[in-house]
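One structure below.
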Amino acid sequence: MPNVGPMEIIIVVAIALIVLGPRKLPEAGRGLGRGLREFKEAIGGLRDDPAPVASVADERARETTAA
C-alpha cells in the first residue's frame, strides 16, 4: 500500500477547497468525522456483544432437545 505524504495531503485539501469552497469545507469535515465515528461504534458493538447471538443459539438448542 502506498504511503500518503504531506504533498498528497496538500493536493487533496486543495481540491476539496476548490470543489466545496471555504464555507462548506468545515461542515463536510464534521459530517465525515461523524460518519466514521458512527461506523466505528457500530463495528465495535458487533465485536463486543456476542452474547445475544449465543443466547438465541442456546435457546434453539434447548428447544430441539426438549422436543
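Put simply, CG on L17 and NZ on K24 are 14.0 Å apart, with the number rounded to the nearest 0.5 Å.
Between the side chain of E38 and the backbone N or O of G35 there is no donor-acceptor pair closer than 3.5 Å.
In this structure, V12 is not a member of the same hydrophobic cluster as M7, with clusters built from ILVMFWY side-chain heavy atoms closer than 4.5 Å. Residues L25 and I9 do not share a hydrophobic cluster, defined by chaining ILVMFWY side chains whose heavy atoms lie under 4.5 Å apart.
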